[in-house]
Protein chains: 2
Amino acid sequence: MLQLGELSGLLGYSLKRAQLKVFEDFLRCVAPLQLTPAQFSVLLLLDKNPGRNQTEIANTLGILRPNFVAMLDALESRDLCARMRSTNDRRSHILVLTDRGRAVLARAKKLVANKHEARLIEVLGPANHAALLEMLAKLAQEF
Amino acid sequence: MLQLGELSGLLGYSLKRAQLKVFEDFLRCVAPLQLTPAQFSVLLLLDKNPGRNQTEIANTLGILRPNFVAMLDALESRDLCARMRSTNDRRSHILVLTDRGRAVLARAKKLVANKHEARLIEVLGPANHAALLEMLAKLAQEF
DNA sequence: CGATATTTGATATACCCGATAACAATTATT
DNA sequence: AATAATTGTTATCGGGTATATCAAATATCG
């Protein structure tokens with residue numbers, strides 16, 4: 001084994017490695033539904049924010065509009081969501097979850113909560129898990 | 001603004017966004033030296049582990065050997081490190097920091113400590129920063 | 001010893017993400 | 001009415017990551 005040296009004290013380094021592990025576990029837990037973290041986040045956002053268009057959804061997720069097109073194509077081809085032409089502004093597409101999209105999202109939420117997040121809480125402890133979440137949110141916002 | 005919903009409670013989501021922010025700040029702070037986080041980690045590891053070959057360094061950083069070749073080419077072309085044929089095993093390349101590599105690493109360490117990590121500690125508070133580091137390391141290892 | 005398997009660095013290649021430029025259609029501005 | 005801005009889209013580029021394969025060198029084992 002090698003000496004990590006100052007690397008173990010580098011927050012960015014541990015952050016990246018932890019992120020990879022967590023995403024890996026997410027994929028494992030949600031594998032039955034074939035959803036990536038990004039796809040899951042889109043479905044969640046569509047559910048909580050009906051009537052929004054592609055630009056709005058993409059922006060809040062930090063996805064660039066051009067890159068969001070193919071992502072939506074994939075979800076729409078699986079009948080998880082649909083683009084509807086807006087009557088107010090005929091440029092934009094209102095995004096809606098399909099019935100199937102809502103069903104898949106509901107199952108995904110359960111898998112995430114019962115398998116993925118549950119394991120995280122088990123490893124970290126509930127208090128640490130909450131503290132970690134708070135610090136990460138702080139970094140994501142204020143930093 | 002949109003409703004994030006359960007997204008704010010998803011550890012992986014905050015983890016990813018925090019990681020992007022932290023790497024962004026790292027790049028800003030080390031910009032004078034033109035070093036990416038990955039390049040910095042390689043230099044650090046070479047310094048702390050002299051006499052190792054490409055496979056060993058790449059493995060500990062989670063970099064695949066094929067992808068490590070171009071990375072080393074870039075560092076070597078800037079005269080930051082060098083490949084030396086091993087006398088024991090003429091297949092492998094012993095990696096060494098050049099004098100210039102050591103000098104750049106020293107300057108990089110200062111920038112990282114005084115600008116990058118200092119800002120992190122300032123935002124989080126020293127105690128939280130340490131706790132965060134510990135939890136991330138735990139996730140990176142045990143998870 | 002000699003044949004076979006393994007390891008090391010390297011090349012080629014492919015895929016996924018993220019970023020930019022440009023475009024047609026539509027709407028906003030002036 | 002003319003011009004500017006917005007929306008979704010396409011094309012394209014670069015970076016990071018993954019696999020298969022190769023020649024050279026070494027290790028293993030009959």
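Numbered from 1 within each chain, the chains take letters A, B, ... in sequence-line order. Hydrogens, waters and symmetry mates play no part in the numbers below; they use all other heavy atoms, side chains included.
Of the candidate nucleotides dG18(C), dT7(D), dT9(D), dT9(D) has the atom nearest to the side chain of Arg65(A). With dG8(D), dA10(C), dT8(C) as the candidates, the nucleotide lying closest to the side chain of Gln54(A) is dG8(D). Distance from the side chain of Val69(B) is smallest for dA10(C) among the nucleotides dT8(C), dA10(C), dT9(D).
No side-chain donor from either of Arg91(A) and Asn53(A) sits under 3.5 Å from a side-chain acceptor of the other.
Here Lys16(B) does not reach the OP1 or OP2 of dC17(C): none of its side-chain N or O atoms lies under 4.0 Å away. A close approach under 4.0 Å does occur between a side-chain nitrogen or oxygen of Thr55(B) and OP1 or OP2 of dG9(C).
We find that CG of Leu72(B) is positioned 15 Å from C1' of dT11(C), with the value rounded to whole Å. Nucleotide dG9(C) holds its P atom 14 Å from the CG atom of Leu64(B), rounded to whole Å. We find that CG of Asn88(A) is positioned 10 Å from P of dT27(C), with the value rounded to whole Å. In this structure, the CG atom of Asn67(B) is 14 Å from the C1' atom of dG14(D), given to the nearest Å. Going from atom CZ of Phe68(B) over to atom C1' of dT17(D) covers 15 Å, rounded to whole Å. Following rounding to the nearest Å, Leu20(B) (CG) and dG15(D) (P) show an atom-to-atom distance of 17 Å. The CZ atom of Phe23(A) sits 15 Å away from the C1' atom of dG16(D) (whole-angstrom rounding). Distance, Arg85(A) CZ to dT9(D) C1': 11 Å, rounded to whole Å.
A donor-acceptor pair under 3.5 Å is absent between the side-chain atoms of Asp47(A) and the main chain of Leu43(A), judged by distance alone.
Toward the 5′ end of DNA chain D lies the nearest nucleotide of Ser92(A), the other residue of the pair Gly62(B) and Ser92(A) mapping further downstream. The 5' end of DNA chain C is approached more closely, in terms of each residue's nearest nucleotide, by Pro66(A) than by the other of Ser86(A) and Pro66(A). Of the two residues contacting DNA chain C, namely Arg91(A) and His93(B), the nearest-nucleotide position lying further toward the 5' end is that of His93(B).
Electrostatic pairing of Glu134(B) and Lys138(B) does not count as a salt bridge here, judged by no charged N lying under 4.0 Å from a carboxylate O.
Judged by atom type and distance alone, Arg90(A) does not reach the base of dT26(C) through any side-chain donor-acceptor pair under 3.5 Å.
Across all their heavy atoms, Phe143(A) and Val22(B) have their closest contact at CE2-CA, 4.0 Å. For the residue pair Val112(A) and Phe26(A), the shortest heavy atom distance occurs at CG2-CE1, 3.6 Å.
At a threshold of 4.0 angstrom between heavy atoms, the contacts of Asn59(B) with the nucleic acid are absent. Backbone-only contact: Asp89(B) has heavy atoms under 4.0 Å from sugar-phosphate atoms and none from a base.
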